[in-house]
Visitor: 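Following this message is one structure expressed as structure tokens.
As the structure is a prediction and not an experimental result, all values here were calculated from the model. By convention in this document, chain letters (A, B, ...) are assigned in the order of the sequence lines, proteins followed by strands, and residues within each chain are numbered from 1.
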Number of protein chains: 2
Amino acid sequence: MSEKKSDHLSQLRNMPLFLKLPDAALGMLEGILVVRSFHKGENIFTEGSASAGFYIVIKGRVKVFKLSAEGKEQILHIVGSRELLGAVSAFAGSPYPAHADAMEKTTAFFLPRKDFLALIQKEPTVVMNMMANLSMRLQHFTRMIEDLSLKEVPGRLAAYLLYLHERTGRGDIVEIDISKGQLASLLGTIPETLSRILRKMSEKGLLKVSGRRIRLLNRKALQYIVNGEKTGL
Amino acid sequence: MSEKKSDHLSQLRNMPLFLKLPDAALGMLEGILVVRSFHKGENIFTEGSASAGFYIVIKGRVKVFKLSAEGKEQILHIVGSRELLGAVSAFAGSPYPAHADAMEKTTAFFLPRKDFLALIQKEPTVVMNMMANLSMRLQHFTRMIEDLSLKEVPGRLAAYLLYLHERTGRGDIVEIDISKGQLASLLGTIPETLSRILRKMSEKGLLKVSGRRIRLLNRKALQYIVNGEKTGL
DNA sequence: TTAATTTTTTGACATAGGTCAAGGATATCC
DNA sequence: GGATATCCTTGACCTATGTCAAAAAATTAA
């Protein structure tokens, strides 16, 4: 799992978590961080297991998810490059509250909990940066709870597509960067339901699906759906 | 709204947020904090409005909630004595992400955003304490998402009752401290559904309801329901 | 206490979305 | 590049839970 890390270290000082960190501290980090790689589908940690430390993803993507008794999965979030994985547990000393699996070949720095704790004692800026990170996560979860309990699946899907369009859309095309099954799990539903809703939206002329490429033909109508307008989907 | 504060200041040094704070800083806080009171049902802040600062609840309870287009409410959490309200927004400088209403007559300290920012610059321990707070909130939201998307209403109710029993139960009695309508909103459902499920649980001999007092007659069975066992409710 | 208001319960009903099973389409791997 | 595994779609069906309306109960006010 462990491999050479020199290639990645240059990125360190640009990581949100280490912004404004003095060079001395960065140098210390270099000696501590361990590079770990995970192949596609590999489990990184499991819900309930003790936190040994946390990860900073360098390359690849990791899904953080919960499992129901029957095996249905709910993705909490997808962690990509330069993002933190398991930091809250490492900070609080609590067990990991969810599972984490690599969605593709993934490389990450691992920072042992005790070194992390020592670092934040010495460097308040790290805590500040981490607070900013947690704040964003909290906002994200707030919206997720709102969506799950107050919106129906078409609304959640429409919101996701419009969000994706805003961030990465070219013209009226969005490219979903995960499989439809995983998207279903992210939206709190199942593949069958997602598939049916996409078909109905196509029939209504709201969008056009070609594999993972979706053309948004009527963004205004999609926004109405997000807002809870009944459109007989 | 503003009133005398001397009575409450003694509590300051025991607040989780200000633990280990030097006396000098505490003294400064005394000059800055404003006491505000809200009557039952009064709105404290509204989703989307700019954060002017945050509150530390002294007495009373506040519900933080989202509203759907049709007016259905989802309670995110209930903030009680010594707890923080709106701290994330004050830190991040983002608008309040939800509504907050006093559930009963409530008194709170208000700390203006700029003073808060100055404080955390000077006092890293405050940031540390706040991180601990955010971590717990994040865990709470994580479980909420899990429950909403992977559990059915009986499971969420059973989990809540067992949680309440663990925290405050005397013998096999738990006292729900909010109205059933509010409990429904906290569980992500509506009063009618909650009422029906309580009746079914009573018929099955799992519990006995007398107003807000509930006697848990079969905690093991309730736990099975939390775990997703099908029990034909 | 009585009246007025709010909360809770119940019934009849509607429906979003989950389950199960099967076929078709894609992607992945030697 | 063909075989194999995985993913996606579709249909028939079922069930949990929401909607609407009204009665009953409980709380608050006068």
Visitor: Ring-plane angle category for A:Phe141 and A:His77, please: parallel below 30°, perpendicular beyond 60°, tilted otherwise.
Guide: parallel
Visitor: Measure the distance from CD1 on A:Ile190 to C1' on D:dT10 and round it to the nearest whole Å.
Guide: 13 Å
Visitor: Once you round it to whole Å, what is the distance between C1' of D:dA16 and CG of B:Leu187?
Guide: 15 Å
Visitor: Rounding to an integer number of Å, can you tell me how far A:Ile214 CD1 sits from D:dC8 C1'?
Guide: 13 Å
Visitor: Going 5' to 3' through nucleotides 4-14 of chain C, assign each nucleotide B (protein heavy atom under 4.0 Å from a base atom), S (under 4.0 Å only from sugar-phosphate atoms) or - (no protein heavy atom that close).
Guide: ----SBBBB--
Visitor: Evaluate the salt bridge (Lys or Arg N to Asp or Glu O under 4.0 Å) criterion for residues A:Glu175 and A:Arg212: first the C-alpha distance (whole Å), next the side-chain angles of each, then the deciding distance (0.1 Å), finally the verdict.
Guide: CA-CA 6 Å; A:Glu175 185 104 22; A:Arg212 291 192 176 184; over 6 Å; no
Visitor: Give me the stems containing DNA chain D, sorted by first residue, counting only three or more consecutive Watson-Crick or G-U pairs with both distances under 3.5 Å; say none if there aren't any.
Guide: C:1-22 with D:9-30, C:25-30 with D:1-6
Visitor: Distance check needed: C:dG17 P versus B:Leu150 CG, whole Å only.
Guide: 16 Å
Visitor: Got a sec, which pairs hit salt bridge (charged side-chain N to carboxylate O under 4.0 Å, His left out) with one end in residues 70-88 of chain B, sequence neighbours left out?
Guide: B:Lys63-B:Glu73
Visitor: Report the distance from atom CD of A:Gln74 to atom P of C:dG17, rounded to the nearest whole Å.
Guide: 14 Å
Visitor: Out of the candidates B:Arg219, B:Lys220, B:Arg215, only one should pair with B:Asp172 under the salt bridge (charged side-chain N to carboxylate O under 4.0 Å, His left out) rule; please name it.
Guide: B:Arg215
Visitor: Give a yes or no on this: more than 12 heavy atoms of other residues, nucleotides or ligands lie within 6.0 Å of atom OH of A:Tyr224.
Guide: no
Visitor: In whole angstrom, give the distance that lies between atom CD of B:Glu70 and atom P of C:dT15.
Guide: 15 Å
Visitor: Under the 3.5 angstrom rule, does the side chain of B:Asn43 hit a backbone N or O of B:Ala100 as a donor-acceptor pair?
Guide: yes
Visitor: With the side chain counted from C-beta on, respond yes when B:Leu194 and B:Val153 share a heavy-atom pair under 4.5 Å apart, and no when they do not.
Guide: no
Visitor: May I ask you to decide if the ring planes of A:Phe38 and A:Tyr55 are parallel, tilted or perpendicular, using 30° and 60° as cut-offs?
Guide: perpendicular
Visitor: Mind checking what makes salt bridge (charged side-chain N to carboxylate O under 4.0 Å, His left out) contact with B:Arg199, not counting sequence neighbours?
Guide: B:Glu203
Visitor: Could you give the CG-to-C1' distance, from A:Leu157 to D:dC8, as a whole number of Å?
Guide: 15 Å
Visitor: Quick one: A:Leu148 CG to D:dT17 P, roughly how many Å, whole number?
Guide: 14 Å
Visitor: Between protein and nucleotides 22-29 of chain C, map the contacts as a letter string: B base, S sugar-phosphate only, - none, heavy atoms under 4.0 Å, written 5' to 3'.
Guide: --------
Visitor: Quick test of your reading: applying salt bridge (charged side-chain N to carboxylate O under 4.0 Å, His left out), list the pairs with at least one residue in residues 134-151 of chain B, sequence neighbours left out, ordered by first then second residue.
Guide: A:Lys66-B:Glu146, B:Asp147-B:Lys151
Visitor: Can you tell if the side chain of B:Phe65 reaches within under 4.5 Å of the side chain of B:Ser185, non-hydrogen atoms only?
Guide: no
